[in-house]
Every structure is written in structure tokens, then in C-alpha cells.
Protein chains: 2
Amino acid sequence: MDTTQLLKGVLDVAVLAVIEQEDGYGYDVVRRLRAAGLDDIAEASVYGTLRRLFHSGLLTSYVVASDAGPHRKYYGLNDVGRAQLADSAATWKQFVKTMNVVLTKESAA
Amino acid sequence: MDTTQLLKGVLDVAVLAVIEQEDGYGYDVVRRLRAAGLDDIAEASVYGTLRRLFHSGLLTSYVVASDAGPHRKYYGLNDVGRAQLADSAATWKQFVKTMNVVLTKESAA
DNA sequence: CACACTACTCTGCTAAACGCAGTAGTGTGC
DNA sequence: GCACACTACTGCGTTTAGCAGAGTAGTGTG
């Protein structure tokens with residue numbers, strides 16, 4: 001099965017969670033997500049998500065010069081972002097529970 | 001948060017699981033999924049998923065006359081479907097674990 | 001015979017992840 | 001001193017899949 005479809009709607013939460021830990025820029029968020037186990041995540045997806053979240057008003061943004069490459073566009077959570085994260089994480093957990101009900105009923109052997 | 005996006009890729013597994021329990025027809029699968037907690041699932045999504053899974057060769061299909069309405073198109077799992085279900089369920093569980101890592105690292109306070 | 005419930009189909013819309021290409025900045029090796 | 005690798009970001013077009021909404025029937029009830 002392709003995990004691409006599973007990511008839908010979840011990448012938002014994942015990115016928010018990673019940034020809450022510590023402010024991050026795109027390239028770095030990609031690495032942190034991959035390190036956490038989302039191995040085959042695409043760069044374009046993360047950059048796209050960051051832009052979407054920022055334009056939705058959930059993130060702050062500031063640019064920092066780098067000593068090893070181009071400048072970095074850092075993102076951080078604001079209050080709206082933190083609230084959204086809490087909310088989405090709760091929705092996710094509830095969803096997982098529901099799916100567990102659906103899946104464990106299977107062949108009640 | 002909208003659960004629509006969370007369903008992506010997961011509805012397949014959910015439908016397969018429900019059908020493995022017992023053969024079912026569209027209208028009935030919808031009710032069983034809703035009963036399990038996927039309240040706001042749309043009929044069109046389930047019928048679409050059933051057709052997709054059938055055409056992918058995971059389901060068998062047979063028509064039964066009903067005593068209370070039009071005929072019913074029942075679906076059942078074949079071996080390919082059962083294998084796919086096992087596989088997808090495993091992928092899902094792994095994905096949930098990964099997401100748990102991502103989410104619980106959050107604010108390691 | 002109108003209406004409700006069952007049961008299914010079809011068309012078109014939309015969100016979001018991704019592939020791919022392109023643009024730069026920096027540092028390393030030949 | 002130039003090719004190449006790595007860092008860092010942007011933009012466009014494609015694809016997948018869930019959903020809204022409308023339509024078509026069959027059955028049974030007031």
C-alpha cells in the first residue's frame with residue numbers, strides 16, 4: 001500500500017508538531033519528519049504544507065542567513081497554530097480509535 | 001478538522017475489513033461503517049470504493065433479490081482481497097506508530 | 001397515489017501529496 | 001577556477017480519492 005494517501009490531512013499535524021518542538025525551516029523539517037519514520041516524504045509536500053499553513057495564519061516566519069548555503073526561512077507556531085495542533089492531534093487520535101474498532105472487528109476469531 | 005482528508009487511503013481498508021466480517025452490499029456497508037464510528041461518511045464514497053476494489057480484483061460480487069426494496073449487489077472478499085486487507089492493515093498500524101512518534105515528541109515537557 | 005425508505009449509478013468538483021524542473025548559495029577536489 | 005555535491009527554496013502540472021448532488025428504481029404504508 002502506498003502511504004501517500006495516508007498522509008492526506010495528516011501531514012499538516014505532523015509538520016505542526018515538528019515545528020512546535022522547535023522552530024524549523026523547510027529542508028530541516030523534511031529531515032526531522034524522515035528521521036521520525038516518514039521516510040519517503042517528498043520535499044515538495046513539506047514546502048507546500050508550510051506555505052499553506054503560513055498563509056492560513058498558523059505560523060510565523062523569519063529569515064536567517066546560513067553559514068552553509070542559502071538563507072533559511074524559519075517557521076514557528078503562533079497561538080492559532082498551537083490551538084490548531086492540539087485540535088488536529090485530538091481529531092487524529094479519535095480517528096485512530098475509530099479505525100481500530102473497524103479493523104479489530106474483522107474476523108473475530 | 002475535517003476528517004475527509006484523513007479517510008484518504010484508509011477507506012479501502014475499512015471497507016475490506018467490514019466485508020471480511022461478512023459479505024455486504026453498498027447500502028449496508030455504509031451503515032456498518034457509520035455504526036463503527038465513521039459517522040459522516042458519504043454514500044458515494046463507499047459505492048465508489050466498492051467499485052474500485054471490485055475492478056482491482058479484490059472482491060467477488062453477486063446479486064440477491066431483496067424482500068424490502070430493489071435487488072442488492074453483494075460483495076465478498078477473495079484471496080487477493082484478504083491478502084490486500086492484511087497488508088494494508090499492517091501498513092496502517094505501522095503508519096499510526098510513526099505518527100505517534102511524531103506527535104509525542106511534541107513539547108517534550 | 002403520494003411519500004418514505006431502500007439501493008444503486010453518474011457527473012463534476014476539490015483538496016492535497018508528489019514528480020520534476022528550475023534557481024541560487026556555499027564548500028571541496030582536481 | 002571550474003565541475004560537482006549539498007543545501008535551500010519555488011512553481012507547475014498530474015493524480016488520487018472522497019464528496020455533493022441529482023437521477024433511477026423497487027417496495028410498502030397511510
Side-chain angles (χ1 to χ4, degrees), chain A residues 1-16 23-34 38-56 58-59 61-75 88 91-92 95 98-99, chain B residues 1-16 23-34 38-56 58-59 61-75 88 91-92 95 98-99:
Chain A
M1 190 200 228
D2 186 14
T3 49
T4 289
Q5 295 303 321
L6 296 183
L7 268 182
K8 298 261 172 160
V10 180
L11 188 53
D12 282 34
V13 203
V15 166
L16 287 173
D23 286 9
Y25 53 97
Y27 206 75
D28 178 53
V29 170
V30 172
R31 272 189 302 224
R32 289 204 257 157
L33 288 174
R34 288 194 177 142
L38 296 170
D39 319 309
D40 43 6
I41 213 167
E43 284 189 19
S45 308
V46 174
Y47 283 111
T49 300
L50 284 170
R51 256 174 286 162
R52 195 155 36 78
L53 293 175
F54 178 70
H55 285 122
S56 300
L58 308 181
L59 302 180
S61 171
Y62 50 101
V63 171
V64 176
S66 166
D67 49 334
H71 68 279
R72 295 167 173 171
K73 198 182 286 179
Y74 275 81
Y75 291 98
S88 297
T91 302
W92 167 251
F95 183 74
T98 299
M99 277 304 295
Chain B
M1 190 201 230
D2 185 14
T3 48
T4 289
Q5 295 303 322
L6 296 182
L7 268 183
K8 298 261 175 165
V10 179
L11 188 52
D12 282 32
V13 204
V15 167
L16 287 174
D23 286 10
Y25 53 98
Y27 205 75
D28 177 53
V29 170
V30 171
R31 272 189 302 222
R32 289 205 257 159
L33 288 173
R34 287 194 178 142
L38 296 171
D39 319 311
D40 43 6
I41 212 166
E43 286 190 17
S45 308
V46 175
Y47 282 111
T49 301
L50 284 171
R51 252 174 289 158
R52 194 155 38 76
L53 294 175
F54 178 69
H55 285 122
S56 299
L58 308 180
L59 303 181
S61 173
Y62 51 100
V63 172
V64 175
S66 167
D67 50 335
H71 68 277
R72 295 164 173 171
K73 198 183 283 179
Y74 275 81
Y75 291 99
S88 296
T91 303
W92 167 251
F95 183 75
T98 301
M99 276 305 295

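Letters A, B, ... are given to chains in the order of the sequence lines, protein chains preceding strands, and every chain is numbered from 1. The analysis underlying the following values was restricted to heavy atoms, covering all of them including side chains, and did not include hydrogens, waters or symmetry mates.
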Taking all heavy atoms of [X] and all of [Y], pick out the closest pair and write down the distance.
X       : Y       : answer
B:Ser61 : B:Phe54 : CB-CE1, 3.5 Å
B:Val46 : B:Leu11 : N-CD2, 4.5 Å
A:Leu38 : A:Ala14 : CD1-CB, 4.3 Å
B:Arg34 : B:Ile41 : NH2-O, 2.7 Å

> On DNA chain D, nearest-nucleotide positions of B:Val46 versus A:Arg72: which is more 5'?
Replying inline: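 Result of the comparison: A:Arg72.
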
> Between B:Ala44 and B:Arg31, which has a closest nucleotide on DNA chain C that is more 5'?
Replying inline: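 That would be B:Arg31.
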
>> Assuming nearest nucleotide by heavy-atom distance, tell me which of B:His71 and B:Lys8 is located more 5' along DNA chain C.
In response: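 Here B:His71 is the residue nearer the 5' end.
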
>> In terms of relative ring orientation, are B:Phe95 and A:Trp92 parallel, tilted or perpendicular, with 30° and 60° separating the classes?
In response: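 Correct class here is perpendicular.
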
[X] [atom1] - [N] [atom2] separation (whole Å):
X       : N      : atom1 : atom2 : answer
B:Arg52 : D:dC19 : CZ    : C1'   : 13 Å
A:Leu50 : D:dG11 : CG    : P     : 14 Å
B:Leu6  : D:dT16 : CG    : P     : 21 Å
B:Leu11 : D:dT16 : CG    : P     : 17 Å
A:Arg51 : D:dT10 : CZ    : C1'   : 6 Å

> Would you say A:Val63 and A:Lys73 make side-chain contact, with heavy atoms under 4.5 Å?
Replying inline: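 Contact flag for A:Val63/A:Lys73 side chains = yes.
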
> If we only count heavy atoms from C-beta on, is the A:Thr49 to A:Val29 side-chain gap below 4.5 Å?
Replying inline: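 No - every pair of side-chain heavy atoms lies 4.5 Å or more apart.
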
> Quick check: does any side chain N or O of A:Tyr27 sit under 3.5 Å from a backbone N or O of A:Glu43, one acting as donor and the other as acceptor?
Replying inline: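 No; zero donor-acceptor contacts below 3.5 Å.
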
>> Working note: B:Leu53 + B:Tyr75, criterion side-chain contact (heavy atoms from CB on, under 4.5 Å); need CA distance, chi angles, decisive distance, verdict.
In response: CA-CA 10 Å; B:Leu53 294 175; B:Tyr75 291 99; over 6 Å; no

>> Any side-chain N or O of A:Tyr47 below 4.0 angstrom from OP1/OP2 of D:dT10?
In response: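 Answer no for this pair, as no side-chain N or O of A:Tyr47 is under 4.0 Å from OP1 or OP2.
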
>> Can you tell me if B:Thr49 touches the phosphate of D:dG18, counting only side-chain N or O atoms and a distance under 4.0 Å to OP1 or OP2?
In response: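 Affirmative; the distance criterion is met.
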
> Earliest and latest nucleotide of DNA chain C, 5' to 3', sitting under 4.0 Å from a non-hydrogen atom of chain B?
Replying inline: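 Endpoints of the contacted stretch of DNA chain C: C:dT6 to C:dA16.
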
> Looking for any heavy atom pair under 4.0 Å, which part of the strands does A:Ala42 touch: base, sugar-phosphate only, or nothing?
Replying inline: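 Answer is sugar-phosphate: A:Ala42 comes under 4.0 Å of backbone atoms only.
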
>> Applying a 4.0 Å non-hydrogen cut-off, can you work out what A:Ser45 is touching in the nucleic acid: base, sugar-phosphate, or nothing?
In response: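 Answer is base: heavy atoms of A:Ser45 come under 4.0 Å of a base.
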
>> Strictly by Watson-Crick or wobble contacts shorter than 3.5 Å, is anything paired with D:dC12, and which nucleotide is it?
In response: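 Across any shown strand, D:dC12 pairs with C:dG19.
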
> For the helix from C:dC1-D:dG30 to C:dT14-D:dA17, what angle lies between the axis at the first five pairs and the axis at the last five pairs, to 10 degrees?
Replying inline: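 Taking five pairs per end, the axes differ by 10°.
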
